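Nothing here was measured: the structure is a model prediction, and the numbers come from that model. The basis for the numbers below is simple: all heavy atoms, side chains too, and nothing from hydrogens, waters or symmetry mates. Residue numbers start from 1 in every chain, and the chains themselves are labelled A, B, ... in the order their sequence lines are given, proteins ahead of strands.
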Amino acid sequence: MANQTDSNADPARAGIIRITLPDGSVRELPRGSRIIDVAKSIGPGLAKVTVGGRVDGNPEILDLRTPLESDCRLELVTADKPDGLAVIRHSASHIMADAICRLWPEVKLSIGPSTDQGFYYDIDLEHRLTDDDLRRIEEEMAKIIAEDTPFERCTIERDASLDRFAKDGEVYKVELIEGIPEDEELTVFRHGGGAFEDLCRGPHVPSTGYVKAFKLLNVAGAYWRGDETRPMLQRVYGTAFWKKKDLDSWLHRREEAQRRDHRRLGKELDLFTFHPWAPASPFFLPKGATIYNLLVDTMREKYRRFGYQEVITPQIFDVELWKRSGHWDKYKDNMYFTQVDKAEYGVKPMNCPSHTLIFAARLHSYRDLPVRMADFGRLHRYERSGVTAGLTRVRTFCQDDAHIFCREDQIADEISGVIKLLKEVYDDFRFPELLVFLSTRPEMSIGSDEIWEKAESALRDALETNGIEYTVNPGDGAFYGPKIDFVVKDALEREWQLGTVQLDFVMPERFGLEYDDQAGGKSRPVMIHRAILGSIERFMGILIEHFGGVFPVWMSPIQVRVITISDAHKPYAEKVLKELQTAGFRVDSDFSKDRMGGKIRIAETQKIPYTLVVGEKEASESTVAVRARGRKNLGSMSLEDFMDRMRSEVMDKK
RNA sequence: GCCAGAGUAGCUCAAUGGUAGAGCACAGCUUUCGUAAAGCUGGGGUUGCGGGUUCGAUUCCCGCCUCUGGCUCCA
């Protein structure tokens, strides 16, 4: 198994091997000891949670029962860590497949891997599985787990297994085997004393009893091999954890995510609505429009400081523009078209081509560069029905879009500037964690190898100059150039791709862009496409979920509500309201005849940051009683003091 | 686009092959109240749209639209 380096010269020690653990400690065990024996030698507690091991830094997780034949480095994989969880979940998917086979013997199995969140199995079954069926499958799984039979790994002979799977009608397994190289060893895993067997590389937990906490979640359609021309299978999703407690907290977090769903909060808080006559196109209500405009205002304020200039461009262009830019070839099926004066026009799905027209409309000196052109233009993209969702995937939206036209020697500085701006923005919206990805040339792309090479290395340089850690996503670039993507983590630790910086040598060439260079000749500028929030609509959806609708004061559609205790205090309350309005706060009032407790309750459900209560005492003392969102009565203070407090909170973007 | 599920009052949800119901919200009246729900009364529905079966359809069947969970896609 492991390397044969020092061949135990001492004959007395010939039966002993040295196992080096990740902390550097060394354990000596008899040759042929299994991975589980190493864990046992350290402690019974560890042995219980160990589900596999990695030898000599090899990423493959080996089964617990793998014997160690020589000195090696060993990393134990435990069930409470992501790696070990994957083993448990993979085993859970086998158990689920077994349960389904017991209930519907005619089922054909395809694949059943573990995922970040759990596991699934894609099956071909005439009967459409319902939620009740899931409960039945769970019961059957519980039986298999209670039986606690070992998972056994067996090597199988290729032709014989092909024959057998073919005979059983397991067409998907046959196709899988045919796809495995001839020289590769084929293995199956069995449990239930051989009653269930599945083609599988492993590893698995030692026995079915290891799967202690699991739940089946839902059924969905999935194409065989992810190919929309192939049959649609039923994908059964589930999840599994080492401990019941972990499963419960995962389920709880899932419920929390559902409670924070922006579609639900958008309705509850009157932020936006939809109508069947404009599918996948949000209508922002006054409160939602307030937030939307705040997002745009935030970017505009930064643009002033970072040297961007905003432009306003047409909505509809002659298709010639889209043919020139390359969008027509690649994206015409996703664009909206209209016929005007016998010419065909396309509604813009992007701003960049029109920005090249602006750039080309006048001469540029090398001294003028960079030109940073920002645009909040409305974009339309036809998205296939079935892919749209709430605000996160819509057919009409606006980006905090900008294009930087610069010289090649300015690329690094410009990208650094974008990164600085981007960090400032994410900080304002309280996304502390930032992940960075570099995406390289995709299969469908335009431009020469040389240009792509140049662009990719420019981005790499910019990241390295800024000391930014990043991961490479091969083949994930835009069709006109490589890009850097920025991903944030929200309050529920979910990852969202927001910002993007794309380097483009192709568009300037297609539109013949040039500037007068220092040598007195013409040079071609580079175009940097960049967005920080991405789509305003999508960003708003993410923000709603990030804050769970509890927006910081500076973003709240209504910042303050004034409520009266009884009608007698209305004149004073009107005065307070007026002063707040004059000072520029977003304020409203509830002077209805409800009781104070009722009005406070309403203000709380609407998640308004501050409620000012005015009654007898406040009117006579010229104060306001301040209640902060979330059961906090801050007591009375003068209106001036309250407004100062608000001003500083807004200033600090609290 | 594909597979599956859903659509009933402004919202959340009941119910039935034979006049469609609750809570909240809304309106009116009473109550003028000190930090998360006062009381009474009332209005409100072509049960998503269109067609079919039926004496009768919101319920059963067919088509369409929209939404939801996934798959594929995402400049």
Side-chain angles (χ1 to χ4, degrees), chain A residues 120 122 128-131 217-237 258 261 263-264 267-268 270 273-280 322 325-335 348-353 379 381-390 392-395 399 401 442 444-446 476-481 483 497 500 502 504 507 529 531 535 538 563-570 592-606 611-618 625-636:
Chain A
Y120 64 81
D122 284 352
R128 297 293 152 194
L129 294 175
T130 63
D131 283 351
L217 302 167
N218 58 312
V219 188
Y223 299 109
W224 167 232
R225 302 225 133 164
D227 181 341
E228 61 183 319
T229 64
R230 316 242 11 215
M232 175 73 70
L233 306 175
Q234 295 190 70
R235 176 169 295 180
V236 187
Y237 282 93
Q258 278 162 5
D261 189 313
R263 290 167 297 196
R264 176 188 172 132
K267 202 181 271 180
E268 279 174 19
D270 286 320
T273 188
F274 288 89
H275 193 279
W277 285 352
W322 308 113
S325 70
H327 289 95
W328 200 84
D329 275 345
K330 196 162 192 291
Y331 292 110
K332 63 174 179 297
D333 291 344
N334 296 301
M335 287 177 63
K348 69 176 166 188
M350 285 197 97
N351 292 310
C352 39
L379 308 177
R381 295 180 186 178
Y382 170 75
E383 303 279 6
R384 293 162 97 187
S385 69
V387 308
T388 58
T392 48
R393 189 90 179 263
V394 290
R395 288 182 178 159
Q399 297 174 322
D401 198 11
M444 283 263 280
S445 60
I446 54 179
D476 212 26
F479 74 95
Y480 47 70
K483 59 177 183 171
Q497 201 245 295
T500 178
Q502 305 174 359
D504 181 0
M507 210 67 71
H529 306 240
S535 128
R538 180 166 174 275
I563 70 175
T564 46
I565 289 178
S566 81
D567 283 350
H569 318 114
K570 228 168 128 176
S592 68
K593 296 199 287 181
D594 280 354
R595 294 174 182 221
M596 187 199 62
K599 296 188 199 180
I600 285 181
R601 184 186 147 77
I602 292 166
E604 285 286 352
T605 58
Q606 294 175 354
T611 307
L612 301 186
V613 180
V614 302
E616 191 56 44
K617 185 163 164 279
E618 289 72 27
V626 180
R627 182 191 160 99
R629 184 169 49 191
R631 299 170 195 281
K632 282 178 287 182
N633 184 355
L634 305 180
S636 290

| field | Whole-Å distance separating the CH2 atom of A/Trp277 from the C1' atom of B/C64 | value | 15 Å
| field | Pairing residues for A/Pro279 by the side chain to side chain contact (heavy atoms under 4.5 Å, CB included) criterion, not counting sequence neighbours | value | A/Arg395
| task | With heavy atoms under 4.0 Å as the rule, sort A/Ala280 into base, sugar-phosphate or nothing. | result | sugar-phosphate
| query | Atom CD of A/Gln497 and atom CZ of A/Arg538: how far apart are they, to the nearest 0.5 Å? | reply | 6.5 Å
| task | Using the C1' atom on both, measure B/G18 against B/A22 and round to a whole Å. | result | 23 Å
| Set of residues satisfying salt bridge (Lys or Arg N to Asp or Glu O under 4.0 Å) with respect to A/Asp261, sequence neighbours excluded | A/Arg263
| B/A15 to B/G7 separation - P atoms, rounded to the nearest Å | 11 Å
| query | With under 30° as parallel and over 60° as perpendicular, where do the rings of A/Tyr480 and A/His529 fit, or are they tilted in between? | reply | parallel
| task | Validate the cation-pi geometry between A/Arg230 and A/Tyr223: distance from NZ or CZ to the six-membered ring centre under 6.0 Å, angle to the ring axis within 45°. | result | no
| Does A/Ala389 or A/Arg631 map to a spot on RNA chain B nearer the 5' end, using the closest nucleotide for each? | A/Arg631
| query | Between B/A36 atom C1' and A/Lys632 atom NZ, what is the distance in whole Å? | reply | 15 Å
| field | Residues forming a side chain to side chain contact (heavy atoms under 4.5 Å, CB included) with A/Asp476, sequence neighbours excluded | value | A/Ser439, A/Asn473
| Length of the CD1-P vector between A/Ile563 and B/A37, whole Å | 12 Å
| CD of A/Glu268 versus P of B/C13: gap in Å, rounded? | 11 Å
| task | Grab the CG-C1' distance between A/Leu233 and B/C3 for me, whole Å please. | result | 10 Å
| field | B/S/- contact track for nucleotides 28-34 of chain B, protein heavy atom under 4.0 Å | value | ---BBBB
| Pair pattern of RNA chain B in dot-bracket, where unpaired bases get dots and | marks partners in another strand, Watson-Crick or G-U under 3.5 angstrom | (((((((..((((....[..)))).(((((.......))))).....(((((..]....))))))))))))....
| query | Separation of A/Arg263 atom CZ from B/U66 atom P, in whole Å? | reply | 16 Å
| field | Integer angstrom distance from the P of B/U58 to that of B/G48 | value | 10 Å
| Is a side-chain donor-acceptor pair under 3.5 Å present for A/Lys599 with A/Thr611? | no
| request: Mind calculating the distance between CZ (A/Phe274) and C1' (B/U68) to the nearest angstrom? | output: 13 Å
| field | Length of the line joining A/His275:NE2 and B/C67:C1', which is rounded to integer Å | value | 13 Å
| said: I need a per-nucleotide contact map over nucleotides 70-75 of chain B, read 5' to 3'. Cutoff is protein heavy atoms under 4.0 Å; write B for the base, S for backbone only, - otherwise. | reply: BBBBBB
| request: Just call it for A/Arg128: base, sugar-phosphate, or nothing, with non-hydrogen atoms closer than 4.0 Å on any strand. | output: sugar-phosphate
